[in-house]
Number of protein chains: 2
Amino acid sequence: MISLEANSSPTPEELPPEIGGLRMTKQRREVFSVVLAERDHPTANDVFSRSQKRMPTISLATVYNCLEALVSHGLVRQVNFEREPSRYCPNLSDHCHFQDEKTGTIHDVVFKEGVNLADFLELPQGTEISHLEISLKGRIGSH
Amino acid sequence: MISLEANSSPTPEELPPEIGGLRMTKQRREVFSVVLAERDHPTANDVFSRSQKRMPTISLATVYNCLEALVSHGLVRQVNFEREPSRYCPNLSDHCHFQDEKTGTIHDVVFKEGVNLADFLELPQGTEISHLEISLKGRIGSH
DNA sequence: AGCAATAATTGGAATTATTCTAATTCGAAG
DNA sequence: CTTCGAATTAGAATAATTCCAATTATTGCT
């Protein structure tokens, strides 16, 4: 099995013909490898222009299609900050996002060991959560 | 001081000439009273059509302007679910939102007593959070 | 291999929430 | 009552995303 680790990001050619139930096409491989390559939470447009470098014929619609396929198969996470364009994140571990207001940069923020949602939310009993998004904004202290 | 409580929602006329540093105009009063009236997290469009009942001449642009003024003065909260249109919430207490996937209805969810963000997030030290949004989606158990 | 069926890609048009613009109107202060 | 900055308005503009219909690729059969 091919490893999809942080600092060994695969070229499109290295990706197998199927991942997590999703058939990989040339374009999906390209898009996926772009998302895997840099952990900077690119927008669809960012992914589009990066993909064009290797595959100049790819279309923006296809990038949207591929991203949606990857997201719905759980291979990539879609990240939203208020009404900003969606961003895409290859980090599948349980985490949330912090946006530095100064630079716009988005950082992954992990939960502390053993923390469970239901532990700190007054949820109506019987609630089943299928999706959770935590978005933080602020500044990183500099002194 | 006029009380802006849950079940005594003020008519526009009852709102003072200034709230929280924001000068109240006829339209702002109308928009604010619409948001206060029902805790169903209306979109800008919802607010627009409800406002039109009492004030048929109000424009959508004005509704957006008023909502933005109310939000930036901390009188109303803007609530986002992924890429859906923004919704508006008069509940200023510390809480987050749960959307019932079946009905689309949004419920306020409060944090458990004494819970603090930094307690469960591995935040880079020195981080100052100015904005936090937690959005949940799922189903409410029915059995 | 050849071929039908199915799925993916493409470019461009369409949609939709929201913001912008420029003109008008309002309202508080003198 | 006039003035002047702010608010409102209608409509145009913007921007992210989705839709559409046509083309191209891929799969599964025989």
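Just so it is clear: chains get the letters A, B, ... in the order the sequence lines come, proteins before strands, and each one is counted from 1.
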Assign each of B:Arg87 and B:Lys26 the nucleotide of DNA chain C bearing its closest heavy atom; nearer the 5' end lies the nucleotide of B:Arg87
> Taking atom types as modelled, is there a side-chain donor on B:Asn45 or B:Thr43 under 3.5 Å from an acceptor on the other?
Replying inline: no
Distance check: side-chain N/O of B:Thr62 vs OP1/OP2 of D:dT9, anything under 4.0 Å? yes
Atom CD1 of A:Ile58 and atom C1' of D:dT24 are separated, to the nearest Å, by 15 Å
I'd like to know if B:Ile129 and A:Phe81 are part of one continuous hydrophobic network [Ile/Leu/Val/Met/Phe/Trp/Tyr, side-chain heavy atoms within less than 4.5 Å]. no
Closest non-hydrogen contact found for A:Leu36 with A:Pro90 is CD2-CB, 3.8 Å
From CG of A:Asn80 across to P of C:dT18 the rounded distance in Å is 13 Å
Of C:dG12, D:dT26, D:dT17, the nucleotide closest to the side chain of A:Ser86 is D:dT17
When rounded to whole Å, the CG to P distance for the pair B:Leu60 and D:dT8 reads 14 Å
Regarding B:Glu133 and A:Ser135, do their side chains bring together a donor and an acceptor under 3.5 Å, going by distance alone?
no
B:Arg28 CZ to D:dT9 P, in whole Å, measures 12 Å
Q) How is B:Thr25 classified with respect to the nucleic acid when contacts are heavy atoms under 4.0 Å: base, sugar-phosphate, or nothing? A) sugar-phosphate
By nearest-nucleotide position on DNA chain D, the 5'-leaning member of A:Met24 and A:Thr43 is A:Thr43
Checking C:dT9, D:dT26, C:dT19 against the side chain of A:Arg23 (C-beta onward), the nearest is D:dT26
The nucleotide from D:dA16, C:dA8, C:dT10 with an atom nearest the side chain of B:Arg83 is D:dA16
Tightest non-hydrogen contact, residues A:Met24 and A:Arg29, listed as O-NH2, 3.3 Å
Rounded to whole Å, CG of A:Asn65 lies from P of D:dT17 at a distance of 13 Å
From CD of A:Glu30 across to C1' of C:dA8 the rounded distance in Å is 16 Å
On DNA chain D, more 5' by nearest nucleotide between B:Leu22 and A:Glu84 is B:Leu22
Taking C:dT9, C:dC20, D:dC19 as options, the one with an atom nearest any side-chain atom of A:Ala61 is D:dC19
Closest to the side chain of A:Tyr64, out of D:dA16, C:dT9, C:dA17, is D:dA16
So, is B:Gln27 near the phosphate of C:dC26, with a side-chain N or O under 4.0 Å from OP1 or OP2?
no
Separation of D:dA15 atom P from A:Phe48 atom CZ, nearest Å, is 16 Å
From CZ of A:Arg29 across to P of C:dT9 the rounded distance in Å is 10 Å
